[in-house]
Amino acid sequence: MFLPYIHFFRALAILFIVTGHAIDAFAWPDNDDVERILRIFFSNGSTLFIFIAGYLFQHLSVKYETKKYYITKFKNVIVPYLLVSIPAIIVFTTLMQRTNVADDFYENPVWKQVLLFYLTGYHLAPLWFVPMITIFYVFAPVFVRLDRNGVLYYLLPVFVVVSVLVQRGSPDQSFVHFLSVYVLGMACSRFKTQVSDVTSRTFFLIPVLAAFMALGLVEFQLNVDPPNYWNYLQKVLASLFFLGLFCRFNNHLQSTTAHVIADTSFGVFFIHSYVLTAGKLAYEHFFHHLPTGSVVLWLLVSMATLGICVAAVLLVRKLTGRYSRYLIGS
């Protein structure tokens with residue numbers, strides 16, 4: 001059954017991801033507080049994406065077949081990941097060096113550099129997500145079994161504590177960190193009637209929104225950069241808040257623009273970093289520095305990037321038809 005509230009939630013999640021990465025398109029020498037506020041509230045949007053992934057996995061698990069599931073994920077996630085990664089991997093193994101890798105990374109032969117990039121996703125900012133989510137795919141049969149006997153959800157408080165203690169890092173470490181968010185999404189789907197009834201009420205939405213803002217204020221006062229456990233907790237609350245908000249207005253969600261963004265969200269996820277990076281390099285080429293950041297410019301770049309990516313995904317779909325899923329995952 002199609003879930004309009006989750007569909008619109010996907011549109012919001014990809015908006016968080018694009019706006020979070022767009023912050024890095026600017027230098028913020030005179031607006032460091034503004035930059036920190038934007039990072040606190042808009043970075044780590046992958047948490048929302050993972051929450052939705054868990055929700056949809058449980059929702060569709062009623063017709064789960066292991067072989068079909070793995071074939072689908074290979075075609076729609078792994079293959080586009082392998083293809084979309086090629087330009088970035090060529091650049092960072094032949095033309096320039098990536099800065100977010102181990103000190104001895106470039107002492108390895110090129111074939112090993114390529115392999116390590118694919119295994120970690122470090123060649124392009126958002127692509128760490130794919131090696132990490134692949135681990136969730138590997139454990140899909142376990143999740144299905146634990147969901148059906150209900151044992152998984154008794155462990156959710158433990159998973160939350162683990163997420164606080166274990167921060168993002170390598171794919172396996174990120175899997176451990178985000179396990180609680182994924183299981184929380186599954187739980188909200190498993191008990192969707194009860195959850196939607198509670199989370200869509202004003203008495204739930206207002207306190208959760210207040211707690212979301214309060215955690216952001218705490219993080220600002222502590223002067224720590226996300227991602228961190230304060231930001232993790234904040235984005236967990238955001239997931240519950242937006243789930244409840246969209247459930248509340250489920251019968252009124254009819255925006256064509258939001259529908260198109262949601263429908264192309266996975267393709268946008270795959271290519272948006274290329275668009276942002278191309279814009280940065282072009283600006284630096286002509287002006288020899290990054291543009292000075294402001295909220296207005298950040299919003300304009302974010303919306304322009306999103307619009308370009310959506311248009312690109314729609315164009316690829318038109319040119320390649322059903323094969324677009326293999327190319328860009330959408």
(request) Only pairs at least two apart or in different chains count here, so list each salt bridge (charged side-chain N to carboxylate O under 4.0 Å, His left out) that has a residue in residues 115-140. (result) none
(message) Tell me if the NE2 atom of His285 is crowded by more than 12 foreign heavy atoms within 6.0 Å.
(response) no
(request) Sorted by first residue and then second, give each side-chain hydrogen bond (donor to acceptor under 3.5 Å, both in side chains) pair with at least one member in residues 131-141; sequence neighbours left out. (result) none
(request) Hydrophobic side-chain clustering at under 4.5 Å (ILVMFWY, transitive links): who's grouped with Leu281? Put none if nobody. (result) none
(request) Please collect all side-chain hydrogen bond (donor to acceptor under 3.5 Å, both in side chains) contacts where either partner lies in residues 64-80, sequence neighbours excluded, each pair once. (result) Tyr64-Thr66
(message) Can you confirm whether more than 12 heavy atoms, excluding those of Arg145, are under 6.0 Å from its CZ atom?
(response) no
(request) Just grab all the salt bridge (charged side-chain N to carboxylate O under 4.0 Å, His left out) pairs involving residues 178-200, residues at least two apart or on different chains. (result) Asp147-Arg190, Asp197-Arg201
(request) From the options Phe175, Phe51, Phe143, select the one residue that forms a ring-ring contact (aromatic ring centres under 6.0 Å, His included) with Tyr182. (result) Phe143
(request) Name all pairs fulfilling the salt bridge (charged side-chain N to carboxylate O under 4.0 Å, His left out) condition that reach into residues 35-58, sequence neighbours left out, sorted by first residue then second. (result) Asp24-Arg39, Asp33-Arg36, Glu35-Arg39
(message) I'd like to know if the side chain of Ser61 reaches the main chain of Gln58, judged simply by a donor and an acceptor atom lying under 3.5 Å from each other, with no hydrogens or angles considered.
(response) yes
(message) Please list all pairs meeting salt bridge (charged side-chain N to carboxylate O under 4.0 Å, His left out) that have one or both residues in residues 226-244, counting only residues at least two apart or in different chains.
(response) none
(message) Going by side-chain hydrogen bond (donor to acceptor under 3.5 Å, both in side chains), name the pairs with one or both residues in residues 309-320, residues two or more places apart or in two chains.
(response) Asp263-Arg317, Arg317-Ser330
(message) Main chain of Tyr55, side chain of His59: is a donor-acceptor contact present, judged purely on distance under 3.5 Å?
(response) no
(request) Please check if the side chain of His123 supplies one atom and the backbone of Phe117 the other of a donor-acceptor pair under 3.5 Å. (result) yes
(message) Treating Tyr5 as the side-chain partner and Arg248 as the backbone partner, does any N or O pair qualify as donor plus acceptor under 3.5 Å?
(response) no
(request) Give every residue pair that meets the side-chain hydrogen bond (donor to acceptor under 3.5 Å, both in side chains) criterion with at least one member in residues 103-112, sequence neighbours excluded. (result) none
(request) List in chain and number order the residues that pass side-chain contact (heavy atoms from CB on, under 4.5 Å) with Leu319, two or more places apart in sequence or in another chain; answer none if no residue qualifies. (result) Leu315
(request) Could you tell me whether the side chain of Gln173 and the main chain of Gln167 form a donor-acceptor pair under 3.5 Å? (result) yes
(request) Applying side-chain contact (heavy atoms from CB on, under 4.5 Å), name anything that partners Thr19, two or more places apart in sequence or on another chain. (result) Leu15, Phe42, Trp298, Ser302, Met303
(message) When you measure from the side chain of Arg98 to the backbone of Tyr122, do you find a donor-acceptor pair of N or O atoms at a distance under 3.5 Å?
(response) yes
(message) Which heavy atom of Gly216 sits nearest to which heavy atom of Ile40, and what is that distance?
(response) CA-CG2, 3.7 Å
(message) Between Ser174 and Gly169 (side chain of the first, backbone of the second, donor and acceptor by atom type, cut-off under 3.5 Å), is there such a pair?
(response) yes
(message) Clusters formed by hydrophobic residues whose side-chain heavy atoms approach within less than 4.5 Å: which one holds Phe287, and what are its other members?
(response) Tyr283, Phe286
